[in-house]
2 protein chains.
Amino acid sequence: MKNDNITIKDIAKALNLSYSTVSRALKGSYKISEGTQQLVKEYAATHNYRPNLMAQSLKNQKSRCIGVVLCSIPNSFFAEVISGIESIAYNKDYLLIITQNLESYEREVKNLDNLTWRSVDGLLVSLSTETEDISHFQRLHDQGLPMVFFDRVTDAIPTHQVITDNIGGAFDATKHLIERGYKRIATITSSPFLSITRERLEGYKKALTEHNMPVNDDHIQYCPHGGMVIEEIDSALNNLLQLNEPPDAILTASDRITIGSFSLIQRKGLLIPDEIAVAGFSNFNAPELFNPPLTTVRQNAFEMGKQATELLIQLVESKRPVTSFEKKVLPTELIVRKST
Amino acid sequence: MKNDNITIKDIAKALNLSYSTVSRALKGSYKISEGTQQLVKEYAATHNYRPNLMAQSLKNQKSRCIGVVLCSIPNSFFAEVISGIESIAYNKDYLLIITQNLESYEREVKNLDNLTWRSVDGLLVSLSTETEDISHFQRLHDQGLPMVFFDRVTDAIPTHQVITDNIGGAFDATKHLIERGYKRIATITSSPFLSITRERLEGYKKALTEHNMPVNDDHIQYCPHGGMVIEEIDSALNNLLQLNEPPDAILTASDRITIGSFSLIQRKGLLIPDEIAVAGFSNFNAPELFNPPLTTVRQNAFEMGKQATELLIQLVESKRPVTSFEKKVLPTELIVRKST
DNA sequence: TTGAAAGCGATACCAT
DNA sequence: ATGGTATCGCTTTCAA
């Protein structure tokens, strides 16, 4: 494409000034006379001058790019997060490079490698289910690359985090199930490596314990890939249903697991909620349209994307090294419907 | 972040060669001796040399960026498309800049402006519902910026297109409704500006006509913003239900409209399909879980993203101007469920 | 086959 | 307050 944008040189020539003067005038440097600034800025505006970002990047060693690391773009939760990220990044003239790893550690590493090659200024990261070793992030963090973790975070790297109140969300849902009278409440959750798994499990156990109900290890089933493969969910379900005393309610701990379990239970011909109740974390669009309408714990995905991005840009643009970090915790919303 | 990558100069110094020789050797230029090439490539490999993309971009006036223009990232159809785009772009080392306009013409123009500022090498475009005037694209196309339209396309700009067989999809669904015995089949569709609206309407009318059923203009309702605002869908529905002879079946012509209509009909207390049947275009995740399970026309969104991206990269990398363009038409899949 | 040097556009240091 | 110039890393033309 023919680039018909004007450059600093064009302005300099037209106004009989030097490149440097024009450059400084555009930045509003205090060492430039009012008159010249006016002149330059007006000329730039009327001729629709836009600094060449590639040149700026090369010179400043800043790309104004943010790398996004997550498992799956079409996942409704993450798609909403991305939308939130986009809303902030675009306003602040940052560009997004979005990578998806499909819950593969290997792809996560490869994607990260690509992102650093693109010399992103910072990273927004939500770990893959397979990721136990985080040294690939550690290394970049040690080199000073700003990063913010969201949703699936790690405490091993000291930086900002934006998460959901997973403990509270799981607690509320479990408590709701208990109060509805369910006696054997199981949970199908994601990979044990993930922070969200640990926290949601904690909320689940806390609710049981507070209501003097036993925590039965058989009632806790893991999906190593967060339900990315449906067979995982199926075998988790079968494990539960084959118990001597199968559960009468299930708390599903992520979007994919919720939809997958719901669907599989139907296919097995079990009645929800009469034979088994289902409540789960889900940012699915229209859980009220399900049969039966689904009780969900909803996260504010859009807000999570926004806050994580704001924190990251703060880090990226901070003049001095940041040493105190925030852990933002967003509230969940339990919406009770007919499935419980 | 401290950039510890080695540069061409480092290699040149280490091997006692000139910059230019190293540069050419790395590109496998034929004017460089085998020996030197080997030497340089090995050194580069072992020292993990990665060309600085910002420098390359500046020099070549190529950014290896693809701009994506669409209405909404979390929309399940577009999220899948993006996933398809990503799968190709990432393999070919192109970077994605994704913009969403929320069906606003103004935001589409502004986003486009930003994309060109970022000097993208090409565009993947799906028009907003508000967009009637496409001169902002026309201008860039005239300047030689490669672009490929997908889903919501325009014939006014001669370039590749990747679309769904909208006529066929709407025809199949309508035919199905007719064969099920419905007599008054209405449709709620998107903005009349959109190609998908025109084509789906054509399929709808064709099916009616072929079965000797009248095309009733009252039975065709438009949503100027594609159902981005739920009130649009509600008033479309009300218009239909207030008719002297209200329809006994509805074909909904887009994802948002399908879910919106389904939900509103339920809220109005009408029984699906007994009082009114619903079939619609939808790439929603789990229409089989709905109550009742939803009859859908499914598009291959992932494939659409892939093909559009392949065509675009072809255009971008083509040495000589491309003058003959493809219009790829992907098949739809009608999945009949209980809602019809 | 290889080297020297100009240049992509913007920035910042060193002069004046 | 302004101008000259080197520089970021890479590509490419022109010379040798």
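First the proteins, then the strands, lettered A, B, ... as listed; each starts at 1. This is a predicted model, so every value here is computed, not measured.
Around atom OH of B/Y19, no more than 12 heavy atoms belonging to other residues, nucleotides or ligands sit under 6.0 Å away.
Contact annotation: the side chain of A/I85 never approaches that of A/K306 to less than 4.5 Å [non-hydrogen atoms, C-beta and beyond].
Under the 4.0 Å criterion applied to side-chain N and carboxylate O atoms, B/R50 and A/D113 are assigned as salt-bridge partners.
You'll find that the side chain of B/S23 is closest to D/dT11, out of C/dG9, D/dG9, D/dT11. Among the nucleotides C/dA10, D/dT2, D/dC10, the one closest to the side chain of B/Y49 is D/dC10. When each of D/dT5, D/dC8, C/dC14 is scored by its nearest atom to the side-chain atoms of A/R24, the top-ranked nucleotide is C/dC14.
Rounded to whole Å, atom P of C/dT1 lies 16 Å from atom CG of B/L39. Straight-line distance from the CE atom of B/M54 to the C1' atom of C/dA10: 13 Å, rounded to whole Å. In this structure, CG of B/L26 is placed 13 Å from P of C/dT2, rounded to the nearest angstrom. The nearest whole Å value for the distance from the CZ atom in A/R64 to the P atom in C/dT11 is 12 Å. Counting to the nearest Å, the C1' atom of D/dA1 and the CG atom of A/L15 are 16 Å from each other. D/dT11 atom P lies 11 Å from atom CD1 of B/I11, rounded to whole Å. The separation between B/N52 atom CG and D/dT7 atom C1' is 13 Å, rounded to whole Å. The CD-P distance, from B/E34 to C/dT2, rounds to 11 Å in whole Å.
In terms of modelled atom types and a separation under 3.5 Å, the side chain of A/R152 and the main chain of A/L127 share a donor-acceptor contact. Side-chain N or O atoms of A/Q161 include one that pairs as donor or acceptor with a backbone N or O of A/T154 at under 3.5 Å.
Between A/S18 and D/dG4, a side-chain N or O to OP1/OP2 separation shorter than 4.0 Å is absent. Phosphate proximity of C/dG7 to A/K9: absent, as no side-chain N or O sits under 4.0 Å from OP1 or OP2. Contact between the side-chain N/O atoms of B/Q56 and the OP1/OP2 oxygens of D/dG9 is not found at any separation under 4.0 Å. When the side-chain nitrogen and oxygen atoms of A/S20 are compared with OP1 and OP2 of C/dT11, none of them lie within a distance under 4.0 Å. OP1 or OP2 of C/dT11 has at least one side-chain nitrogen or oxygen of A/K27 nearer than 4.0 Å. Between A/Y19 and D/dA6 there is no side-chain polar atom (N or O) within less than 4.0 angstrom of OP1 or OP2.
Between the side chain of B/K59 and the base of C/dG7 there is at least one donor-acceptor pair of N/O atoms closer than 3.5 Å.
Taking the six-membered ring wherever Trp is involved, the centroid distance between the rings of B/F137 and B/H141 does not fall below 6.0 Å.
If you find the closest nucleotide of DNA chain C to B/I32 and to A/N60, the one lying nearer the 5' end belongs to B/I32. Checking B/T36 against B/L58, the closest nucleotide of DNA chain C that is more toward the 5' end is the one next to B/T36.
Nucleic acid contact for A/N16: sugar-phosphate only, since backbone atoms but no base atoms lie under 4.0 Å from a heavy atom of the residue.
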